[in-house]
Amino acid sequence: MSYSKNTDAKWQKKWAETGLYKYDEQAKGDKLYCLEMFSYPSGASLHCGHWYNFAPMDTWTRFKKMQGYNVFHPMGFDAFGLPAENYAIKTGIHPKDSTLKNIDTMTKQLIAMGANYDWNYSLNTCDEEYYKWTQWIFVQLYKKGLAYQKEAPVNWCPSCQTVLANEQVKDGHCDRCDSLVVQKNMKQWFFKITAYADELLEKIDGLNWPEKTKKIQKNWIGKSHGSLITFDIDNGTQLKAFTTRADTLYGLSYVVIAPEHPAVAGLTKPECKEAVEKYVADAAKVKEIDRLSTERERTGVFTGSYATNPVDGRKVPVWVADYVIASYGTGFVMAVPAHDERDYDFAVRYKLPITRVIVDKDGNEQSLPFCDHGRLTDSQEFSGMTTEEAIPAIVAKLAKEGKGELTTMYRLRDWLISRQRYWGAPIPMIHCPHCGVVPVPESDLPVKLPYDVEFRPDGESPLKRCPEFMNVKCPVCGADAQRDPDTMDTFVDSSWYFLRYPDAHNDKEVFNKDKIDRMCPIDMYVGGQEHATMHLLYARFFTKALRDMGYLDFDEPFNALVHQGMILGPDGQKMSKSKGNTINPDIYVDKYGADAVRLFFEFAFSYTDGGPWSDSGIESMARFIKRVESLFEKEKTLTDAGAVMTEKEKELDFVRNSTIKAVTHDLNLIQFNTSLARMMEYLNALTGYMNGPVNKAFLDECLKTYVVLLAPFAPHLAEELWEAMGQPYSVFNQPWPSVNAQALVKDTIQMAVQVNGKVRGQLTASVNDSKEQLIEKALQVDTVKKFIGDTPVKKAIVVPNKLVSLVV
RNA sequence: GCGGAUAUGGCGGAAUAGGUAGACGCAACAGACUUAAAAUCUGUUGGGACUUUGCUCCCGUGCCGGUUCGAUUCCGGCUUUCCGCACCA
């Protein structure tokens, strides 16, 4: 017998035939819902990133099953999306055809990996059975007021020919194709994620997530405490400004409005009209390009209008400037150049007054702009107060006239979900000339995505060109109406898939409430960190919205979260086709077997770090497998020296039990690399033991322990060894070994002896030695004597089982 | 610019309620087997010193300092690389 890819095939077949992976909801053991982020079948096959995400977690879930948990571990496909569509445009192959073919290939690869998914619980987001419920959720959100349409400046990717959510724009570029994103005013569908901003922020602290991810998400939500201050404008209107520094109000020198703000036209005096209109038009054109420059000059124009500072009645000019963001706060800000860098630069450029109203806490005048908190000066009755005292005081004064209030503001914007693309779930809304926007009745769902459509994008949704799809009767009045031609962002599909798995084939409801409440939240969720402000945020929002609509009873979808690291090319660079450093894992599976590839990914780096692919690394894993096999081969040739437990047997038993202890501990912490290091040490100990006379019955027990411990890591090899030992199928029905505490107690211990903090010698201690006896022994060590000489020992510290430290 | 992380042999990486730094593996070198090579097995392997080659000594976890009998681990200040955000008022 020799492990190879044939071994893989043999056991994969047997596992499938015997239903080893079948999930039984009624089975004994605590439920453990473990999930990896499902894969995107845009490429033709699984790549190293998938393998690194899935294979080690397969090991982990197998371990948990052996520990007695009732593990639910499904897998599906995030099948809609731009890459499949772009591939279709390039090749002419319909996205549905390529996607289904890729899903088929990837499923086979996952099976070839040895992954223990129960495919009866699988799902695929481009399946009508699935997107029917995606649309159903859209309708519920609409009815709840959480889905709405608005005309707004949106991010437009000219290459993908679609709008994008804020979260999908990185450095002003499209997250998918890297094209420069431009701004466009369009009427689009939004989900009101901001309604949950507070809860999304607060509940994050209770989650067992990586701290960094929590921080990224918190910053993205970006709560800030401040005040809304109302300004009277000389055209008779009022505008509110959001500020975190109401204490600087006496230093006001002008106010600024964003170019996209609807009030701009009304503010502009005839003599300024030409300049303002030109500025607004230019701002729209160059804005996104210039945003990339951090050295960008702040520009603006005067509108001709004046605003009144509500705190002292002074008039200040109203400017238009594109350093004000229309979509944050009110799009209108108060400018205090002395205490804000941006306002300072702007004031210097346009020769606007700069008035100091804050000094530092000690009363010293710092150089301007001085942006720290401090103490007020030249601020009437508020002079002398600190920033912290002055803010509520000034707002209270303004509040009497209805011109000030404390408030909070969020950086988070509502989630724009319309996409002018073909390959997604159609938005289930109908536009009727009489009734306006009407949701598709639930009984008419799904709104099927038509197959025969010219899907090349031209800035309008491809579905618009499909009259059979577009033309519909209004469900309310029966008049001729039009469907919404857009499809939903694919992040909508993935915002609830984990809720569908436990009840994947329910055709009556989105999911059964009892079932979902029993199975969720997810106990362990594993996927890339790049989803921190996208999928992981959207999924939390969906869970909360569905909870508030009564469909489930928990607050958070993912109790624990782990990010696997990234696998790099052999050159240490990110894998990419253009660099030519990609690795196809299939080739290695074919050559060395799935277990060798699994072991490589698990042993070569810490799971959360990842690292470069290495051919010699994978060869070393193949070598490890051979060493394990030859050990078991050798065992058959040994003769029994009798059932005696000598020091050698005790030593091996010590290693066996400390291996069980360490592997269990490290696997619980998702530390595959150190677990396997312990397995190698145990292998080395077995090899050493088998060079001498052996107690066969005892050795047999040690080898059985070895196979059971190895099983989650190298499942095919372990089944083969288990069978070869004459043990009944399957090794995965074996309980996880427990530690015999007795075996870990040693009679004598090696301890270090330190003199003034430096190790100078070793001593052999007996477990029963008292502190005094240990110190006495330490003083007798030759090398220690040399360093102490005649100097008296001032102090002696004993660290049990570790060392004796002498201070002279 | 702000925020977060990171730094350990030739390489991947171990070890932190402060306690023998370098586990485990790779690569390298030497030996065994072989006509030879590969494979396999065994051994050595952080750097340096030696008029005691040793159960020897000195140095060593990015840099500088501090606390401690003792610091990879804690504190203060830098530097590097990576990541997140980036006119958020």
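In this text, all values refer to a predicted model and were calculated from it rather than measured experimentally. The figures that follow rest on heavy atoms only: side chains count, while hydrogens, waters and symmetry mates do not. Below, read A as the first sequence line, B as the second, and so on, with proteins coming before strands; counting in each chain starts at 1.
Considering only side-chain atoms of A:Thr783, the nucleotide from B:C88, B:C69, B:C55 that sits closest is B:C55. Checking B:G13, B:C85, B:C88 against every side-chain atom of A:Ile325, the shortest atom distance belongs to B:C88.
Nucleotide B:C57 has B:G48 as its partner under the Watson-Crick or G-U criteria, with both atom distances under 3.5 Å. For B:A30, the paired base is B:U42 (Watson-Crick or G-U wobble, both distances below 3.5 Å). Nucleotide B:G18: unpaired (no Watson-Crick or G-U wobble partner with both distances less than 3.5 Å). Taking a pair to require two hydrogen-bonding distances under 3.5 Å in either a Watson-Crick or a G-U wobble arrangement, B:A86 remains unpaired. The partner of B:G70 is absent, by the rule that a Watson-Crick or G-U pair needs both atom distances under 3.5 Å. Pair check for B:U35 finds none; no Watson-Crick or G-U wobble contact set falls under 3.5 Å.
Residue contacts shown for A:Phe605 are limited to sugar-phosphate atoms, with no base heavy atom under 4.0 Å away. Within 4.0 Å (heavy atoms only), A:Gly610 reaches sugar-phosphate atoms of the nucleic acid but no base atom. Within 4.0 Å of A:Tyr682, counting heavy atoms only, lies no atom of the nucleic acid at all. The residue A:Lys212 sits close to a base: some heavy atom pair falls under 4.0 Å.
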Heavy atoms under 4.0 Å is the rule here; annotate nucleotides 18-27 of chain B 5' to 3' with B where the base is hit, S where only the sugar-phosphate is, and - elsewhere.
-BB--BBSSS
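Taking a cutoff of 4.0 Å between a charged side-chain nitrogen and a carboxylate oxygen, A:Lys626 and A:Glu629 do not qualify as a salt bridge. Salt-bridge check for A:Asp769 with A:Lys777: passed, with a basic side-chain N closer than 4.0 Å to an acidic carboxylate O.
Screening residues 245-254 of chain A for salt bridge (charged side-chain N to carboxylate O under 4.0 Å, His left out), with sequence neighbours left out, gives A:Arg245-A:Asp247.
When the nearest nucleotides of RNA chain B are assigned to A:Ala604 and A:Tyr328 by heavy-atom distance, the more 5′-ward of the two goes with A:Ala604.
Between A:Lys758 and B:C59 there is a side-chain polar atom (N or O) within less than 4.0 angstrom of OP1 or OP2. Close to B:C58, at under 4.0 Å from its OP1 or OP2, lies a side-chain N or O of A:Arg760.
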Quick one: do A:Asn668 and A:His665 satisfy side-chain contact (heavy atoms from CB on, under 4.5 Å)? Show the steps, please.
CA-CA 5 Å; A:Asn668 269 322; A:His665 175 263; 6.0 Å; no
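Side chain A:Arg413 to base B:C88: a donor-acceptor pair is found below 3.5 Å.
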